Amino acid sequence: MTALEMIQARSAIEVDIFLVHHIRQIEMLYSIFAIFGLAAGQTIVSQLHNQTNANFNNTPAYHQALAAAVNATTHASDCDSCFSILGVLKSVAELGEAPFAELSVAFCKVTNEADPNVCDGLQTLEAPSVSWALQQMDIPSRAAQVFCEALYGLCPQPPVLNYTVPFPKPKPENATRPEVSRLEPMRVVHISDMHVDHSYTIGSSYNCSKSICCRPYNATFAAGSELASLYPTAPYGEYYCDTPVDLEESQYAGINEFAGDRAFVISTGDMVEGFTWGTSDNEIVADVSDIYHRMRQSLGVVYPAMGNHDANPVNSFPPTGLETPYNNTYDYNTHAQLWEHWIGAEAAEQVRSHSGMYSTTYTSYTGACLRIISINTMFWEGVNWWIYSTVMPRDPSGVLAFLVSQLQLAEDNNERAWIIGHIPPGRSDALYDYSSYLDQVVQRYDGTIAAMFWGHTHRDQFEISHSHLTDQTAANANMVGYIAPSLTPTSGNPNFRAYSVDPVTFGILDYTVYSANLSAADYHSTGPKWAEYYTFKTAYGSLLDPPYIDPLDEMTPAFMHNVTTLFQINDTAFQEYYDRKQRGWTPVGYGPCTGDCKTDEICQLRSSQSQYACMTPSAAIKKREANGERVLHARVESECSSSRMVGVLHAMARDLETVKAVL
């Protein structure tokens, strides 16, 4: 039965008059009837029929639609329920961006997901891309199932879609990791997630109602206010604020002090602060321009990658060829111009033409050549709404094709390769399909790739690739992804890493993390004091039997796997790792990681594919297996995705009674 037939059969209202004014709402009502049956459908149709005001968001019908979606969430328990919710939202999206934005803002405000100013930011930033995705999406479909898992956690993530990444040549029979040269190592610094806030204001309040503070949003939070007198922002950063420029420059000074002999720096994205509800193209350009100019003055050679915050809106990366009024051409052009000094004209042109990606080479003092390949991982991110087309692309923007072409070039030229990017493929932010396809590439070129480098999580971590995903051993470990801790104080003390690197194989021999203790009594009075936090082999290699501490031996994938085995049997070592992962700062409510927490954490370290990562996926609603009680699971592995659209729907699940009361 069509939507029109259902309405005609179940209502005595004159549908022809309704159609004249509200033809676009029919599919929405169909979904509401499907969820709630005759009574709810008749009520909404009656109210729509009686309206003469054409502004949908001002009508009782609009508020009924809002209530319907909320009530659908209340009763949701499986994929079919989620598809019904998406049906309601899709129908509103088909009315246009404005009605969908109004609906999103209403959810945000009535559930107190954020303060009104932050909620209003949804209207022009995130809501349009979600609206577009819903309009494109067939419901039910595989794309809708992936969407439901990413937003609600009601559907299981569908199995990885069978796809074989095309390779120009088969893997050589003799492909293997080369032995280390045992020559004098070179040093490379890794920085990530700086999140520099150019509006950070000393004396404003570091306690506020928004996701980042230390900004004079209004008189309540400005310097001189009552709140600011209680919580005054100090010069070099606060735990609830992003990075002030003074801390940024302090990090550069720390790098020059402790790694002045470095060959170069790698930066794995997220330069821009977390003011996600108020960004603009101009602000992104101004922010990254200032940061990269300071880097150029202070750090020498830098090889960067883009992060999900380095675009407007956050997470918004439409794949190449997508028919949408939104694109990131301005962003790619800006980064190409800013990076050209380091990567060269040819690679800068790749940034423009390949969606922020490039490949360039570095020659060490031995004459050995390293190919550095910077890829755009945001096309694989679950909250990049532009990827949810009718049929989700196998290789959006040709990321895999570009990577394969450059790795093949490296293999043909007898070069070693580093892959740098923002989002680690083994974390829940990465959708299963794309994470799996990337691992195909790693398995094919594991004799060429020396290491991979990521950021995004703000944590001090690593992840190991294995050739056998369900039977992981040291013998079949074949790649390591190094995940750098961040500079921003929002999740811990400011950190950076310095790697010791073989100058021929470019394998990682060891690394040291340097930190500035934000809690030190003289931190703000005399400025950050950078110091060695720990060195990996000293902390963990020394505890192996036999110890693995030779400074010229590589931290091979097998060694890294053995460290995770150490964590299983030596709880003291594991708890020390967990504290270092948090960058030496434990927020209120966090305690030791034991039981399932420890099991999942070790599983995460051994996972380079998100489908095997063991950590809680993004979800607004999950059923407890034991008693069927619905519980909320927030995405905890990264605080960097920053999608308020996810938060809005999470908030609906947390506080539905408040929503109903307001309505």
Side-chain angles (χ1 to χ4, degrees), residues 97-98 100-101 104-105 108 114 117-133 193-200 210-212 215 217 242-243 267-293 304-320 322-339 351-352 355-357 376-388 396-397 421-423 429 455-456 488 638-648:
E97 286 184 5
F100 185 81
S104 302
V105 171
C108 185
N117 178 251
V118 176
C119 292
D120 288 337
L122 291 172
Q123 194 159 346
T124 55
L125 293 175
E126 290 193 71
S129 57
V130 181
S131 174
W132 177 91
D193 296 83
M194 293 172 62
H195 292 291
V196 179
D197 187 356
H198 293 89
S199 295
Y200 184 100
K210 306 178 193 298
S211 56
I212 60 167
R215 283 176 156 229
Y217 291 110
D242 269 334
T243 304
S267 173
T268 47
D270 270 12
M271 301 294 101
V272 180
E273 87 292 323
F275 181 49
T276 56
W277 62 97
T279 55
S280 67
D281 293 357
N282 289 339
E283 184 195 354
I284 297 294
V285 170
D287 283 359
V288 297
S289 296
D290 185 80
I291 294 164
Y292 285 122
H293 283 308
M306 291 185 70
N308 59 304
H309 277 259
D310 300 333
N312 177 56
V314 63
N315 308 313
S316 183
F317 290 83
T320 301
L322 197 67
E323 293 184 6
T324 168
Y326 301 89
N327 68 74
N328 286 27
T329 300
Y330 82 93
D331 207 16
Y332 302 140
N333 289 344
T334 297
H335 283 82
Q337 181 181 1
L338 294 170
W339 295 350
V351 174
R352 295 184 182 93
S355 304
M357 300 181 288
N376 187 337
T377 57
M378 279 68 74
F379 294 112
W380 307 336
E381 186 183 22
V383 291
N384 178 12
W385 313 115
W386 299 109
I387 63 174
Y388 293 97
S397 288
H422 186 59
I423 300 174
D429 302 72
H456 189 60
T488 181
S638 171
E639 54 186 70
C640 221
S641 290
S642 299
S643 173
R644 284 290 168 189
M645 292 303 298
V646 173
V648 165

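All of these numbers come straight from a predicted model, not from anything done at the bench.
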Quick one: are [X] and [Y] in side-chain contact, heavy atoms under 4.5 Å?
{"X": "V314", "Y": "T279", "value": "no"}
{"X": "Y326", "Y": "W132", "value": "no"}
{"X": "K210", "Y": "W277", "value": "yes"}
{"X": "H422", "Y": "H309", "value": "no"}
{"X": "N328", "Y": "W386", "value": "no"}
{"X": "I423", "Y": "W380", "value": "no"}
{"X": "H335", "Y": "M271", "value": "no"}
{"X": "D197", "Y": "F275", "value": "no"}

With rounding to the nearest 0.5 angstrom, report the [atom1] to [atom2] distance, [X] to [Y].
{"X": "D270", "Y": "D310", "atom1": "CG", "atom2": "CG", "result": "5.5 Å"}
{"X": "W339", "Y": "T334", "atom1": "CH2", "atom2": "OG1", "result": "11.0 Å"}
{"X": "H195", "Y": "I291", "atom1": "NE2", "atom2": "CD1", "result": "10.0 Å"}
{"X": "Y388", "Y": "S129", "atom1": "OH", "atom2": "OG", "result": "11.0 Å"}
{"X": "M306", "Y": "T377", "atom1": "CE", "atom2": "OG1", "result": "10.0 Å"}
{"X": "H456", "Y": "D193", "atom1": "NE2", "atom2": "CG", "result": "8.0 Å"}

Specify the closest pair of heavy atoms between [X] and [Y], including all atoms of both residues, with the distance to one decimal.
{"X": "F379", "Y": "I387", "answer": "O-CG2, 3.5 Å"}
{"X": "G421", "Y": "A305", "answer": "CA-CB, 4.0 Å"}
{"X": "L322", "Y": "P318", "answer": "CD2-CB, 4.1 Å"}

[X] side chain to [Y] main-chain N or O, any donor-acceptor pair under 3.5 Å?
{"X": "D242", "Y": "E273", "value": "no"}
{"X": "S131", "Y": "A127", "value": "no"}
{"X": "S397", "Y": "P319", "value": "no"}

Legend entry - Steps toward side chain to side chain donor-acceptor pair (under 3.5 Å) verdict (S280, N312): CA-CA 6 Å; S280 67; N312 177 56; 5.9 Å; no
Inset, instruction - Could you please spell out the steps behind the side chain to side chain contact (heavy atoms under 4.5 Å, CB included) verdict for V288 and V272? - result: CA-CA 7 Å; V288 297; V272 180; 3.8 Å; yes
Inset, instruction - Take atom CD of E283 as the centre, draw a 6.0 Å sphere, and report whether it contains more than 12 heavy atoms from other residues, nucleotides or ligands. - result: yes
Legend entry - Polar side chain donor-acceptor pair, H198 to D290, under 3.5 angstrom: yes
Inset, instruction - Consider only side-chain N and O atoms of N315 and N384, and report whether a donor and an acceptor are under 3.5 Å apart. - result: no
